[in-house]
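Order of the sequence lines sets the chain letters (A, B, ...), proteins ahead of strands, with each chain counted from 1.
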Amino acid sequence: MLDKTYDPHRIEAQWYQRWEDAGWFAPREQRDADGGAYCIMIPPPNVTGSLHMGHGFNNTLMDALIRYHRMKGDRTLWQPGTDHAGIATQMVVERQLEAAGKTRHDLGRDAFIDRVWQWKAESGGTITRQLRRLGSSLDWQHERFTMDEGLSNAVREVFVRLFEEGLIYRGKRLVNWDPVLHTAVSDLEVISEEEAGHMWDMRYPLTNGTGHLTVSTTRPETMLGDCAVAVNPEDERYKHLIGELVELPLTGRRIPIVADEHADPAFGTGCVKITPAHDFNDHAVWLRHRDENQIARQPHGGLINILTPDAAIRDNEPDEDELIPCAYVGLDRYEARKRIVADLDALGLLAGVKDHKLMVPRGDRSGAVIEPYLTDQWYVKIGPLAEPAIEAVEDGRIRFVPDNWKSTYFEWMRNIQDWCISRQIWWGHRIPAWYDAEGNVYVGRSEDEVRTKHGLAVDFPLTQDPDVLDTWFSSALWPFSTLGWPPELNRDTDRLKAFYPTSVLITGFDIIFFWVARMIMMGLKFMDAVPFRDVYIHGLVRDAQGDKMSKSKGNVLDPIDLIDGIELEPLVEKRTRGMMQPRLAEKIAKQTRKDFPDGIPAFGTDALRFTFAALATTGRDIKFDLGRIEGYRNFCNKLWNASRYVLMNTVGAPSPPRPEQDRGGDATPTDIELSAADRWITARLHQTIAAVRTAIDGYRFDLAAQAIYEFTWSQFCDWYLELAKPVLTGEHASAAAKRGTRRTLVQTLETLLRLAHPFMPFITEEIWQKVAPLAGVAGETIMLAPYPVADPATADADAVAEMEWVQQFILGVRRIKGEMNIPPGKPLPVLVANASARDRQWIDIARPYLDFLARTESITVLDDEADAPESAIALVGDMKILIPMAGLIDKDAELKRLDKEIGRLRADIERIEKKLANPSFVDKAPAAVVQKERDRLAEQGAALSQLEAQQAKIARI
RNA sequence: GGGUGCUUAGCUCAGUUGGCUAGAGCAUCGCCCUUACAAGGCGAGGGUCGCAGGUUCGAGCCCUGCAGCACCCA
């Protein structure tokens with residue numbers, strides 16, 4: 001028997017352990033011939049990270065799909081693994097060193113990397129433990145890590161092959177440079193946001209003595225690297241000056257005025273300084289003009305770098321004279337800015353300063369202002385890879401859900417730039433390239449291979465490229481590297497053959513570019529097939545106000561806290577820990593105390609999962625409101641208690657149900673009698689099964705959850721369990737009828753548990769263990785039991801009609817009681833008038849239901865309505881339910897009630913009459929629609945006249 | 001500037017190829033501790049579907065314009 005109260009914590013802990021120990025998460029041979037392989041790759045979380053709400057959401061949806069397909073009998077794999085997360089992880093360890101007053105350089109490369117591995121060993125289990133808490137049925141025996149041997153082999157293999165094809169190259173380019181982390185980062189890792197700054201107007205004197213040009217800039221310090229001033233070729237103000245020179249203040253250099261579209265006549269003065277080594281747009285201008293004499297003859301051909309990797313002003317090289325004025329050498333970029341502005345001002349060359357909002361690029365990891373910077377980097381030539389990746393989506397081999405995300409994908413893919421894949425950090429896949437003393441580069445899978453291939457002696461000095469690859473490079477290979485690619489290096493290629501292409505990728509829109517697009521490109525390139533058929537894009541999990549959850553806002557919810565609950569003080573501590581700004585911490589603490597005065601109660605994993613599923617409507621972000629999870633926790637409780645009721649009434653009952661005898665419908669054994677209620681709930685159950693399957697197949701987790709919720713609560717609990725009571729306890733019911741009800745109870749519940757299992761794995765397993773034997777269902781676990789299949793033969797129009805009549809009757813009586821403030825439990829005598837033969841028959845059959853659910857004391861069928869006393873009325877079709885008013889019901893209250901109802905009917909009738917009076921409606925609308933309106937008019941008309949008669953009668957009293 | 005969405009009850013959201021009185025949960029208001037469940041039961045109130053046009057017999061849904069909000073890219 002189940003415990004009296006639902007305690008998620010008690011049941012969740014033991015079941016996961018049991019499932020994993022039993023090896024039930026591993027793929028099994030498919031059960032049905034028509035079932036196929038089904039595979040999802042987990043988006044690998046940061047190995048040393050911890051679970052956030054996005055993970056919770058994402059993994060709930062994946063696990064629901066995986067469990068669904070596993071139960072359906074597909075050969076199902078959910079591939080687990082983690083990502084080394086290069087920059088993020090390295091930063092964490094560097095911060096630890098910093099606390100001890102050290103830098104990574106104090107340790108040296110090898111020791112530092114050891115230190116990171118050590119950190120992985122310490123904290124690497126956190127997120128996988130948390131995934132287990134969510135109930136995620138991942139195939140842990142095959143867990144992978146992006147830096148394990150197999151995946152590292154895959155990375156080298158891909159690098160070498162792309163290099164050999166000319167799709168990887170090394171080049172000096174302007175990159176996004178993070179001056180704090182000292183590494184290049186890709187475009188995607190730069191977040192530009194609007195910040196308050198200034199716009200300076202600076203005067204550059206014309207060398208012909210006719211005055212000066214005024215240029216506007218947000219970065220005056222970069223003027224040291226200017227190579228030109230650009231004006232728009234159509235700009236009448238400056239046309240005549242094109243080709244003239246200006247003197248670049250503070251440097252003594254002379255730079256030309258060039259004509260370029262980049263100069264916007266409407267912006268500022270229309271003159272723009274060109275600093276090609278420190279601005280992407282300027283670099284493009286320089287590329288267009290670098291062959292012009294006045295630019296070409298400048299130092300470095302005009303491409304003048306003025307910064308160190310720390311973003312300070314660099315010193316001059318021996319052969320540069322004073323290209324960079326000594327006064328500024330060594331100054332940080334912002335210090336240099338102050339000094340240059342002051343010096344220009346002193347020279348009378350500062351025309352003005354105004355406040356200005358500008359987009360400031362920052363590194364998404366370090367938060368440092370990113371500097372466009374000239375460096376040598378490795379690139380992937382992306383055009384040849386992007387082309388087939390675009391086609392795969394165009395021709396439908398890959399489908400986005402919702403569909404509209406493909407426009408975002410196309411937009412990006414059609415404007416894609418070469419991918420900078422080298423990073424100047426230590427934690428990651430070292431680039432498999434070696435240099436000799438002359439700087440020649442050799443690329444190969446290993447140093448040995450390089451030496452063999454190029455005939456280099458063992459003692460020929462080679463040094464490996466110090467850089468590592470962008471983390472996303474290895475992530476891009478995830479769908480096949482985890483399955484054992486490249487086959488030449490793996491004995492077991494069964495998984496690769498069985499599960500590639502995978503079935504669906506489930507992820508947030510924020511990594512379509514980082515990850516999804518790159519997996520498609522690499523998958524097509526190296527597997528010659530798409531990596532997944534569907535891409536399901538879900539929204540962001542936001543807080544109840546719709547704000548993005550972030551540590552600095554202090555509005556982060558931890559899924560584990562929702563599962564286990566957390567007291568106020570630990571929650572405050574957790575949210576404010578490690579805060580740099582004490583003021584912020586104070587504010588967050590205050591807000592947290594206000595939002596969660598009693599902390600967060602424990603809701604359990606099933607409630608959390610069901611909430612995620614219910615909120616997973618397509619195409620929008622979800623606001624996570626604690627009210628929702630509370631509601632679904634209550635739902636779990638409801639299911640628990642309903643199950644207790646079923647068990648109380650079926651455990652040890654004589655003649656336990658034997659479903660195997662009557663599968664197929666018509667073979668009902670003679671010792672069992674199924675009532676209309678039994679047949680009705682069975683029909684509803686199968687409708688629900690069909691709805692849930694359709695919903696899951698279409699990735700409508702919200703609709704699936706809703707269908708389960710509605711059936712369980714509003715049909716099974718509110719009606720069927722109540723209808724079962726009088727049968728099970730009443731003396732009137734035959735033994736066969738009792739058996740029929742018991743069997744229906746237990747079978748409906750057993751099926752419902754299987755139906756709900758993908759969404760609420762723990763509670764369904766716990767209950768199923770008790771219920772399955774009673775339902776005659778064998779099996780060790782619900783997670784391997786077959787997923788319910790809708791049986792159309794269960795549809796039963798007669799049973800549905802009868803039960804709807806019963807419900808109308810009960811609702812009619814209840815409504816009168818409710819509106820008249822009569823206690824619902826008070827038994828009342830009820831009269832019935834205008835009853836048809838069928839009504840009379842049903843009253844007879846359903847009498848125990850009516851007495852129990854409507855608390856009718858007696859039901860008297862009147863042959864002549866004239867005999868009826870003054871009564872409150874409810875209609876069931878043409879039949880009238882009359883509740884005598886004497887001593888119970890206030891005349892005015894009943895008249896008011898009737899008035900309202902009559903008003904409603906009249907409005908409706910008027911609307912229908914108007915519609916039917918319109919000849920074009922009758923002519924053009926489908927006949928069925930017209931007929932429906934006519935039927936309805938007749939129905940409403942009949943009801944109206946009944947109520948009007950009743951109103952007149954009461955009014956006469 | 002370009003792109004993608006969103007706007008439906010006090011709140012959070014469903015609403016499928018256009019067709020019954022636009023639904024649900026939460027919140028609100030009554031009545032009830034009825035032997036599975038007060039984390040509950042029974043009942044009630046609450047909406048000009050952002051605004052303005054158009055197409056149609058018929059529009060929350062399709063088209064056009066406008067307003068507001070969000071996100072992405074530059």
**Item:** Under-4.0 Å side-chain N/O to phosphate OP1/OP2 contact, A:R815 with B:A44
**Value:** yes
**Complete:** Here the distance between atom P of B:U16 and atom OH of A:Y699, to the nearest Å, is 21 Å
**Fill in**
Here the distance between atom C1' of B:U34 and atom CG of A:D718, to the nearest Å, is 14 Å
**Message:** For a quick test of reading the model: is some side-chain N or O of A:N634 closer than 4.0 Å to OP1 or OP2 of B:G40?
**Reply:** yes
**Prompt:** When the distance from CD1 of A:I810 to P of B:U34 is rounded to whole Å, what number comes out?
**Reply:** 19 Å
**Message:** How many whole angstroms separate atom NZ of A:K900 from atom P of B:A44?
**Reply:** 8 Å
**Message:** I'd like to know if the side chain of A:K817 reaches the main chain of A:A854, judged simply by a donor and an acceptor atom lying under 3.5 Å from each other, with no hydrogens or angles considered.
**Reply:** yes
**Proximal nucleotide (of B:C71, B:U12, B:A74) relative to the A:R542 side chain** = B:C71
**Asked** Does A:K638 make a side-chain donor-acceptor contact with the base of B:C37, cut-off 3.5 Å?
**Response** yes
**Request:** By nearest nucleotide on RNA chain B, pick out whichever of A:Y709 and A:F716 is the more 5' one.
**Result:** A:Y709
**Prompt:** Which nucleotide sits closest to the side chain of A:R814: B:G19, B:A36, B:C42?
**Reply:** B:C42
**Asked** Do A:E939 and A:K932 sit within salt-bridge range, that is, some charged N less than 4.0 Å from a carboxylate O?
**Response** no
**Request:** Let me know the distance between CD of A:E722 and C1' of B:C37, rounded to the nearest Å.
**Result:** 10 Å
**Message:** Expressed as a whole number of angstroms, how long is the span from A:R644:CZ to B:A36:P?
**Reply:** 9 Å
**Message:** Nearest to the A:L703 side chain among B:U4, B:G19, B:A14, which nucleotide is it?
**Reply:** B:A14
**Prompt:** Below 4.0 angstrom, N of the basic side chain to O of the carboxylate: do A:R542 and A:D547 qualify?
**Reply:** no
**Message:** By the 4.0 Å heavy-atom rule, please label A:E819 as base, sugar-phosphate, or nothing.
**Reply:** sugar-phosphate
**Request:** With heavy atoms under 4.0 Å as the rule, sort A:P926 into base, sugar-phosphate or nothing.
**Result:** base
**Prompt:** For the side chain of A:E819 and the backbone of A:R897, is there at least one donor-acceptor N/O pair under 3.5 Å apart?
**Reply:** no
**Complete:** Considering only heavy side-chain atoms of A:K725, the closest of B:G43, B:A36, B:A14 is B:A36
**Item:** Atom-pair distance (CG on A:L916; C1' on B:G58), nearest Å
**Value:** 12 Å
**Message:** Looking at B:G30, I'd like to know if its phosphate oxygens (OP1 or OP2) sit under 4.0 Å from a side-chain N or O belonging to A:K817.
**Reply:** no
**Request:** Classify the nucleic acid contact of A:D625 as base, sugar-phosphate or nothing, counting any heavy atom under 4.0 Å across all strands shown.
**Result:** nothing
**Message:** Of the listed nucleotides (B:G19, B:U34, B:A39), which one gets closest to any side-chain atom of A:R855?
**Reply:** B:U34
**Salt bridge flag under 4.0 Å for residues A:D3 and A:R644** = no
**Item:** Side chain of A:T617 (C-beta onward), nearest among B:G45, B:C37, B:C13
**Value:** B:C13
**Prompt:** Pairs counted as Watson-Crick or G-U wobble with both distances under 3.5 Å: what dot-bracket string results for RNA chain B, using | for bases tied to another strand?
**Reply:** (((((((..((((.....[...)))).(((((.......))))).....(((((..]....)))))))))))).
**Fill in**
Winner on side-chain proximity to A:A925, out of B:A14, B:C57, B:C72, is B:C57
**Prompt:** Does a side-chain N or O from A:K623 land closer than 4.0 Å to OP1 or OP2 of B:U12, or not?
**Reply:** yes
**Prompt:** Does A:D625 pair with A:K623 as a salt bridge, N-O distance under 4.0 Å?
**Reply:** no
**Message:** Between A:R288 and A:D260, does any side-chain N to carboxylate O distance fall below 4.0 Å?
**Reply:** yes
**Message:** Can you say whether a donor on the side chain of A:K548 sits under 3.5 Å from an acceptor on the base of B:A70, or the other way round?
**Reply:** no
**Message:** Looking at B:C20, I'd like to know if its phosphate oxygens (OP1 or OP2) sit under 4.0 Å from a side-chain N or O belonging to A:R936.
**Reply:** no
**Prompt:** Phosphate oxygens OP1/OP2 of B:U4: is one of them under 4.0 Å from a side-chain N or O of A:T408?
**Reply:** no
**Request:** Check every strand shown and say whether A:R628 touches a base, only sugar-phosphate, or nothing at a heavy-atom separation below 4.0 Å.
**Result:** base
**Asked** In whole Å, what is the span from the CZ atom of A:F400 to the P atom of B:U4?
**Response** 15 Å
**Prompt:** Is it true that A:K896 and A:D892 have a side-chain N and a carboxylate O under 4.0 angstrom from each other?
**Reply:** no
**Request:** Look at the side chain of A:P824 and decide which nucleotide, out of B:C57, B:G41, B:A39, has an atom nearest to it.
**Result:** B:G41
**Request:** Give a yes or no answer on whether the side chain of A:N555 reaches the backbone of A:K548 with a donor-acceptor pair at less than 3.5 Å.
**Result:** yes
**Asked** Quick one: on RNA chain B, does A:Y632 or A:R700 contact a more 5' nucleotide (nearest heavy atom)?
**Response** A:R700
**Asked** Just checking A:C636: base, sugar-phosphate only, or nothing, at a heavy-atom cut-off of under 4.0 Å?
**Response** nothing
**Asked** Is A:W713 near enough to B:A39 that one of its side-chain N or O atoms lies under 4.0 angstrom from OP1 or OP2?
**Response** no
**Asked** A:Y632 and ring-ring contact (aromatic ring centres under 6.0 Å, His included): which partner among A:F759, A:W713, A:Y709?
**Response** A:Y709
